[in-house]
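Numbering of ligands and ligand atoms starts at 1, following listing order.
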Amino acid sequence: MAKRNIVITGGAGFIGSHVVRLFVNKYPEYNIINLDKLTYAGNLDNLKDIENKPNYKFVKMDICDFEPFYRLMQEEKIDGIIHLAAESHVDRSIKDPFTFAKTNVMGTLSLLQAAKLYWESLPEGYEGKRFYHISTDEVYGSLALDSELFREDTPYSPHSPYSASKASSDHFVRAYHDTYGMPTIVTNCSNNYGPYQFPEKLIPLFINNIRQRKPLPVYGKGENVLDWLYVEDHARAIDLIFHRGKIAETYNIGGFNEWKNIDLIKVIIKTVDRILGNPEGHSLSLITYVTDRLGHDARYAIDSTKLQKELGWEPSLQFEEGIEKTVRWYLDNQEWIDNIISGEYQKYYDSMYSNL
Ligand code: NAD
Ligand code: DAU
């Protein structure tokens, strides 16, 4: 296996930490740089098991900072970028869209431009290089309950400030291929679940609230339908596509696993109650219907046939198995979540990296 120098942005976040772990463990000959600003969503506790590996390095940096990133590319001779850093929470985007435009759009553009200038300065140019952008199914908009799934050629129709910012960044990535010939790939994935997800998101929030006997705030009637994929299956898809995906292509990633929110919530309640030894149905009374999310999309569902047929990827876990693993992980790792709730995880890293 050839040596590669790869930057993974957003590696201290939920999905990024799984991608970093997979690459560091699977490719000891690679030089893996985890570049992350450590916003509220970044947590180096997610990577404790690999932080001392010789092929791993953490760099605290904002993707919007062009000069330091350009210098990093030169110094580390970066030939691959896997870009996950983003503001990722839809509810926050509704309250503060500017931060989403800055990080998701301008940050992505800044990385693209630095990569362009550096790679074009090399004798071999773009040969052997790759800019892989991780995006979301939400850029396609909302599906009717009885309609087809999102395919790679489904037109973009984002509704939330989050999905609008991700759609814009996807377009910039494709523009750098079409205009300058940069070897880019974009993938659009459905909802991920699993360990290390920030507890503002539905599944970890609800597991933790059941543990703490707090209300479970269900938006609207809980009838929105989402398509769920275990995070390690997404990370495996990213590995496969980074190495074997075709330049300039888009791949949808999803497990054909649609759930109405309220049904998923009942599965979570049942699983947590069983593991904690509560009688069946014990925590159903915590369900509290609250005002719906503004512009809440009715349904997302990904058709990942192209990825399955062309590259042979398929999800490894059945949903029931994935939910069981996930619930057990959050219940077994209460300190991880308690450190987030208390703010402890950030104070530690702010002081640790204040000189960088
Ligand atoms: P996350 O919020 O858990 O992590 C985001 C990471 O990016 C954090 O570590 C944060 O510190 C970092 N970051 C944010 N702004 C930054 C900046 N300006 N400079 C450097 N680092 C910065 O997000 P996630 O759920 O792991 O999502 C990762 C990526 O995958 C995002 O691009 C998201 O749009 C995409 N995605 C997520 C899902 C999902 O279900 N979570 C599904 C499809 C696609
Ligand atoms: O579809 C992929 C997207 O999935 C990613 O691009 C995003 O980065 C990621 O955050 C996720 O977005 P969602 O908005 O789907 O995730 P969230 O966990 O915030 O919400 C899941 C569903 O649950 C959604 O329909 C809203 C609902 N919900 C959420 C929360 C936090 C509730 O009913 N109550 C809640 O408290």
Side-chain angles (χ1 to χ4, degrees), residues 7-20 34-44 46-47 59-65 69 82-94 99-100 102-104 106-108 110-111 133-140 142 150 158 160 162-163 165-166 169-170 187-194 196-206 209 215-229 231 234-235 238 252-254 259-262 264-265 287-293 296-302 346 349:
V7 165
I8 299 177
T9 71
F14 167 46
I15 303 171
S17 63
H18 288 274
V19 177
V20 167
N34 170 12
L35 185 156
D36 199 296
K37 182 183 175 182
L38 297 182
T39 67
Y40 79 93
N43 184 354
L44 290 175
N46 299 359
L47 289 164
V59 174
K60 184 174 179 343
M61 193 183 288
D62 188 331
I63 56 166
C64 298
D65 291 343
F69 183 69
I82 304 178
H83 174 37
L84 296 106
E87 288 294 335
S88 69
H89 191 40
V90 175
D91 291 333
R92 286 178 189 257
S93 82
I94 293 167
T99 305
F100 282 69
K102 182 162 185 266
T103 291
N104 298 0
M106 292 306 291
T108 302
S110 188
L111 296 181
H133 177 60
I134 309 301
S135 191
T136 170
D137 57 359
E138 300 197 7
V139 296
Y140 295 122
S142 187
F150 296 133
S160 71
Y162 163 70
S163 53
S165 70
K166 290 297 290 186
S169 60
D170 295 5
T187 55
N188 299 82
C189 188
S190 60
N191 274 73
N192 285 215
Y193 71 99
Y196 301 114
Q197 186 168 31
F198 198 80
E200 63 189 348
K201 307 281 167 57
L202 180 79
I203 291 182
L205 176 74
F206 277 35
N209 281 11
L216 307 176
V218 179
Y219 297 167
K221 293 182 181 156
E223 283 176 354
N224 308 68
V225 176
L226 308 181
D227 184 356
W228 293 91
L229 180 68
V231 61
H234 188 187
I238 290 172
N252 279 351
I253 309 173
W259 284 82
K260 202 187 269 191
N261 282 349
I262 193 65
L264 171 71
I265 288 162
I287 289 179
T288 310
Y289 291 93
V290 299
T291 310
D292 206 355
R293 176 182 277 176
H296 203 167
D297 288 330
R299 175 175 168 239
Y300 307 129
I302 276 282
Q346 280 204 311
Y349 291 114

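In terms of protein heavy atoms, atom 15 (O) of ligand 2 is closest to Asn191 ND2, 3.0 Å. Scanning the protein for heavy atoms near atom 9 (C) of ligand 2, the closest one is Ser88 O, 3.8 Å. The closest protein non-hydrogen atom to atom 21 (C) of ligand 2 is Leu226 CD1, 3.5 Å. The shortest contact between atom 29 (C) of ligand 2 and any protein heavy atom is with Tyr219 CE1, 3.5 Å. In this structure, the protein non-hydrogen atom closest to atom 3 (C) of ligand 2 is Glu138 OE2, 3.1 Å. Summary of contacts: the protein heavy atom closest to atom 27 (C) of ligand 2 is Asn261 ND2, 3.6 Å. Ranking the protein heavy atoms by distance from atom 19 (O) of ligand 2 puts Arg293 NH2, 2.9 Å first. For atom 34 (N) of ligand 2, the nearest non-hydrogen atom of the protein is Pro217 O, 2.7 Å.
Using a 30° and 60° split on the angle between ring planes, Tyr300 and Phe150 fall in the tilted class, from 30° to 60°.
A donor-acceptor contact shorter than 3.5 Å links the side chain of Lys166 to the backbone of Ile134.
In this structure, CD1 in Ile302 is found 6.0 Å from OG in Ser190, a value given to the nearest 0.5 Å. Interatomic distance, His296 NE2 to Asp91 CG, rounded to the nearest 0.5 Å: 8.5 Å. Atom OG in Ser163 sits 6.5 Å away from atom CG in Asp297 (nearest 0.5 Å). Note: Asp227 CG to Trp259 CH2 = 12.0 Å, rounded to the nearest 0.5 Å. For the atom pair NZ (Lys37) and CG (Asp62), the distance works out to 4.0 Å, reported to the nearest 0.5 Å. Here the straight-line distance linking atom CG of Asp65 with atom CG of Leu35 works out to 9.5 Å at 0.5 Å rounding.
The neighbour count for Lys102 NZ, taken as heavy atoms of other residues, nucleotides or ligands under 6.0 Å away, does not exceed 12.
Contacts of Asp227 with ligand 2, taken as heavy-atom pairs under 4.0 Å, are absent altogether. Here Val290 has no heavy atoms under 4.0 Å from ligand 2, in either its backbone or its side chain.
Checking Asn188, Asp170, Thr187, Thr9 one by one against His133, the side-chain hydrogen bond (donor to acceptor under 3.5 Å, both in side chains) holds for a single residue, Asp170. With respect to Ser169, the side-chain contact (heavy atoms from CB on, under 4.5 Å) criterion is satisfied by exactly one of Val139, Leu111, Thr103, Thr108: Thr108.
Residues Leu226 and Tyr193 fail the side-chain proximity criterion, which asks for heavy atoms closer than 4.5 Å. In this structure, Cys64 and Phe69 have side chains that are not in contact, with every pair of non-hydrogen atoms separated by 4.5 Å or more.
Contact between His296 and ligand 2 is present, with at least one heavy atom of the residue lying under 4.0 Å from the ligand.
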Full working for side-chain contact (heavy atoms from CB on, under 4.5 Å) between Asn224 and Arg293: CA-CA 11 Å; Asn224 308 68; Arg293 176 182 277 176; over 6 Å; no
Asn252/Tyr140 under side-chain hydrogen bond (donor to acceptor under 3.5 Å, both in side chains): CA gap, chis, key distance, verdict: CA-CA 11 Å; Asn252 279 351; Tyr140 295 122; 2.8 Å; yes
Residues Arg92, Thr99; criterion side-chain contact (heavy atoms from CB on, under 4.5 Å); working and verdict: CA-CA 9 Å; Arg92 286 178 189 257; Thr99 305; over 6 Å; no
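With atom 1 (O) of ligand 2 as the reference point, the heavy atom nearest to it among Asp137, Asp91, Ile15 is part of Asp137.
Listed by number with element, the atoms of ligand 2 under 4.0 angstrom from any heavy atom of Leu205 are 36 (O). Against a heavy-atom cut-off of under 4.0 Å, Val218 is close to the following atoms of ligand 2: 33 (O). Ligand-side atoms of ligand 2 in range of Lys201: 10 (O), 18 (O), range being under 4.0 angstrom from any heavy atom. For ligand 2, the atoms sitting less than 4.0 Å from at least one non-hydrogen atom of Val90 are 14 (O), numbered in the order shown with element in parentheses. Within ligand 2, the atoms closer than 4.0 Å to a non-hydrogen atom of Tyr162 are 5 (C), 6 (O), 7 (C), 8 (O), numbered from 1 in the order shown. Taking a cut-off of under 4.0 Å to the non-hydrogen atoms of Thr136, the atoms of ligand 2 that pass are 1 (O), 2 (C), 3 (C), 5 (C), 6 (O). Interface of Leu202 with ligand 2, defined as ligand atoms under 4.0 Å from a residue heavy atom, comprises 18 (O), 21 (C), 23 (O), 28 (N), 29 (C), 31 (C), 32 (C), 34 (N). Proximity to His89 (heavy-atom distance under 4.0 Å) selects the following atoms of ligand 2: 19 (O).
Protein residues are said to neighbour a ligand when one of their heavy atoms lies under 4.0 Å from it; for ligand 1 these are Gly10, Ala12, Gly13, Phe14, Ile15, Asp36, Lys37, Leu38, Thr39, Ala41, Gly42, Met61, Asp62, Ile63, Leu84, Ala85, Ala86, Ser88, Thr103, Ile134, Ser135, Thr136, Tyr162, Lys166, Cys189, Ser190, Asn191, Asn192.
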